[in-house]
Amino acid sequence: MLITDHIAGILTVTGIITALPILQFFFPVQMLKHFNKLEIRDEAGLFFARHWGLLAFSIGALLVYAAGHPEARAPIMLSALIEKLGMVAFGVMHRNRTYMQGMRVASVFDTICVLLYGIYLAGLA
């Protein structure tokens, strides 16, 4: 029951890491260039980049909240699992595209989260 015994810590750490794209909300041009190797200058692209950063922050904050609130864990973890599974699937489908080079670390992290959250939610841990 290793995961169950440490789920609060797992949620806190993965939540904080998941929330880090809040920096992209404030500094979209710099974050996209540095971490994703992308240069987006048009207003619509920056809007969506900022919005994604805010959404990722929200999911991360909810994971941190779930660490201390067992009654809220299942729905929060399930929503994070779905989002992260989608990101992993997208990463696999587009792995050879240039724009995915900067997302490899995030894809590995999200894969680990999907496995941990899935095992916990399935009651296998």
### Heavy-atom donor-acceptor pair, Gln24 side chain to Ala49 backbone, under 3.5 Å
yes

### Task
State plainly whether one hydrophobic cluster holds both Phe47 and Leu23, where clusters connect Ile, Leu, Val, Met, Phe, Trp and Tyr through side-chain heavy atoms under 4.5 angstrom apart.
no

### Query
Is it the case that one hydrophobic cluster holds both Val92 and Val108, taking links as side-chain heavy atoms less than 4.5 Å apart, direct or via other members?
no

### Query
Which pair of non-hydrogen atoms, one from Tyr65 and one from Ala72, has the smallest distance, and what is that distance?
CE2-CB, 3.9 Å

### Query
Is there a path of hydrophobic side-chain contacts, each under 4.5 Å between heavy atoms of I, L, V, M, F, W or Y residues, that connects Leu54 with Ile59?
no

### Message
Does Thr4 form a side-chain contact (heavy atoms from CB on, under 4.5 Å) with Leu2? I'd like the steps, not just the answer.
### Response
CA-CA 6 Å; Thr4 301; Leu2 188 61; over 6 Å; no

### Straight-line distance of Ile82 CD1 to Tyr117 OH, nearest 0.5 Å
13.0 Å

### Task
Decide yes or no on side-chain contact (heavy atoms from CB on, under 4.5 Å) for Ile7 and Met77, but give the supporting numbers first.
CA-CA 11 Å; Ile7 195 63; Met77 290 176 71; 3.9 Å; yes

### Message
Would you say Val88 ends up clustered with Leu116 if hydrophobic residues are merged whenever their side chains have heavy atoms under 4.5 Å apart, either directly or through other cluster members?
### Response
no

#### Entry: Trp52 side chain reached by Pro21 side chain, heavy atoms, under 4.5 Å
yes

### Task
Treating Ile, Leu, Val, Met, Phe, Trp and Tyr as nodes and any side-chain heavy-atom pair under 4.5 angstrom as an edge, say whether Val29 and Phe27 lie in one connected cluster.
no

### Shortest non-hydrogen separation from Val64 to Thr12 and the atoms involved
CG2-O, 3.8 Å

#### Entry: Heavy-atom closest pair, residues Leu81 and Gly118
CD1-N, 3.4 Å

### Message
Is it the case that the side chain of Arg73 and the backbone of Ala67 share a donor-acceptor pair, with hydrogens and angles ignored and the cut-off at 3.5 Å?
### Response
yes

### Query
Just by modelled atom types, is the Gln30 backbone N or O under 3.5 Å from a matching donor or acceptor in the His34 side chain?
no

#### Entry: From Ile16, Leu11, Ile10, residue fulfilling side-chain contact (heavy atoms from CB on, under 4.5 Å) relative to Leu63
Leu11

### Task
Could you tell me whether Glu43 atom CD has more than 12 heavy atoms of other residues or ligands within 6.0 Å of it?
no

### Task
Determine yes or no for a side-chain-to-main-chain donor-acceptor pair under 3.5 angstrom, with Arg95 supplying the side chain and Phe90 the backbone.
no

### Salt-bridge contact Arg41-Glu39 (side-chain N to carboxylate O under 4.0 Å)
yes

### Task
Quick one: which residue pairs count as a salt bridge (charged side-chain N to carboxylate O under 4.0 Å, His left out) with a foot in residues 78-94, not counting sequence neighbours?
Lys84-Asp110

### Task
Show your reasoning for whether side-chain contact (heavy atoms from CB on, under 4.5 Å) applies to Phe109 and Thr14.
CA-CA 9 Å; Phe109 172 75; Thr14 60; 3.9 Å; yes

